[in-house]
Amino acid sequence: MKSEPEAFSIGDLRSAGRAPWDGVRNYQARNFIRDQMKVGDLALFYRSNASPPGVVGVARVASAARPDPTALDPKHAGFDPRSDPQAPRWFLVDVEFVEELAAPVSLAALKQDPALKDMLVVQKGQRLSVQPVTAGEFSRVLELGRATGSG
DNA sequence: GCCAACGTTGGC
DNA sequence: GCCAACGTTGGC
């Protein structure tokens, strides 16, 4: 799950403990939230539009998908005038803070790792803000992020 | 700040 | 249904 630190950082999630992952306005990402995410699922927290971009922590899905109220709020930046309360267009899940990585795994590091060559986030032109990660990719990223070794 | 890649919109 | 124009994402 991607977030720009100026909007919502891993530190913000740590402080809040739990927060609604609102503002997703892409249908494919919406579908992952609505149709794939289950309470208890773990997610990589990816920091985008930052230096460096990369995975900075772990979150846990803490609620079922529900309509994103910010899409219905005219005062909110995420307001979508086509979203109908009776037929919600945009969804969110709550997420809980799990872990902040001791060693954030930069996008460059993800790209360098042969074991992660098929990971969606390293593919060219890949912009989805919510995307699936395999169990193998997930554990590999944590392995990198928890490493304390020589550097 | 630039710009490539992608998604959406809307005229036709 | 095609596709040009436009807006957004997000790395660099």
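Naming: A, B, ... by sequence-line order, numbering from 1 per chain.
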Can you work out whether N49(A) or G125(A) has the more 5'-proximal nearest nucleotide on DNA chain B?
N49(A)
What is the distance from CD of E4(A) to C1' of dT8(C), rounded to the nearest Å?
10 Å
Between C1' on dG7(B) and CD on Q126(A), what's the gap in Å once rounded to a whole number?
13 Å
Can you list the steps and then say if D68(A) with R25(A) is a salt bridge (Lys or Arg N to Asp or Glu O under 4.0 Å)?
CA-CA 10 Å; D68(A) 181 345; R25(A) 297 292 181 270; 3.0 Å; yes
Interatomic distance, Q112(A) CD vs dG11(C) P [rounded to whole Å]
16 Å
In terms of the nearest nucleotide of DNA chain B, which residue is placed more toward the 5' end: R25(A) or R127(A)?
R127(A)
Rounded to whole angstroms, how far apart are CG on N31(A) and P on dG7(B)?
13 Å
To the nearest angstrom, how far is Q28(A) atom CD from dT8(C) atom P?
19 Å
Is Y27(A) close enough to dC6(B) that one of its side-chain N or O atoms is under 4.0 Å from OP1 or OP2 there?
no
Over how many whole Å does the gap from Q123(A) atom CD to dA4(B) atom C1' extend?
16 Å
Round to a whole Å and report the spacing from CG of L128(A) to P of dG11(C).
13 Å
Quick check: do F45(A) and F8(A) have side-chain heavy atoms less than 4.5 Å from each other?
yes
State which of dG7(B), dA4(B), dG11(C) makes the closest approach to the side chain of K124(A).
dA4(B)
What is the separation between atom CG on N26(A) and atom P on dC6(B), rounded to the nearest whole Å?
13 Å
Between E143(A) and R140(A), is there a side-chain N and carboxylate O pair less than 4.0 Å apart?
yes
V93(A): which of R66(A), M37(A), K38(A) passes side chain to side chain contact (heavy atoms under 4.5 Å, CB included):
M37(A)
Tell me whether the side-chain N/O atoms of K2(A) come closer than 4.0 Å to OP1 or OP2 in dG10(C).
yes
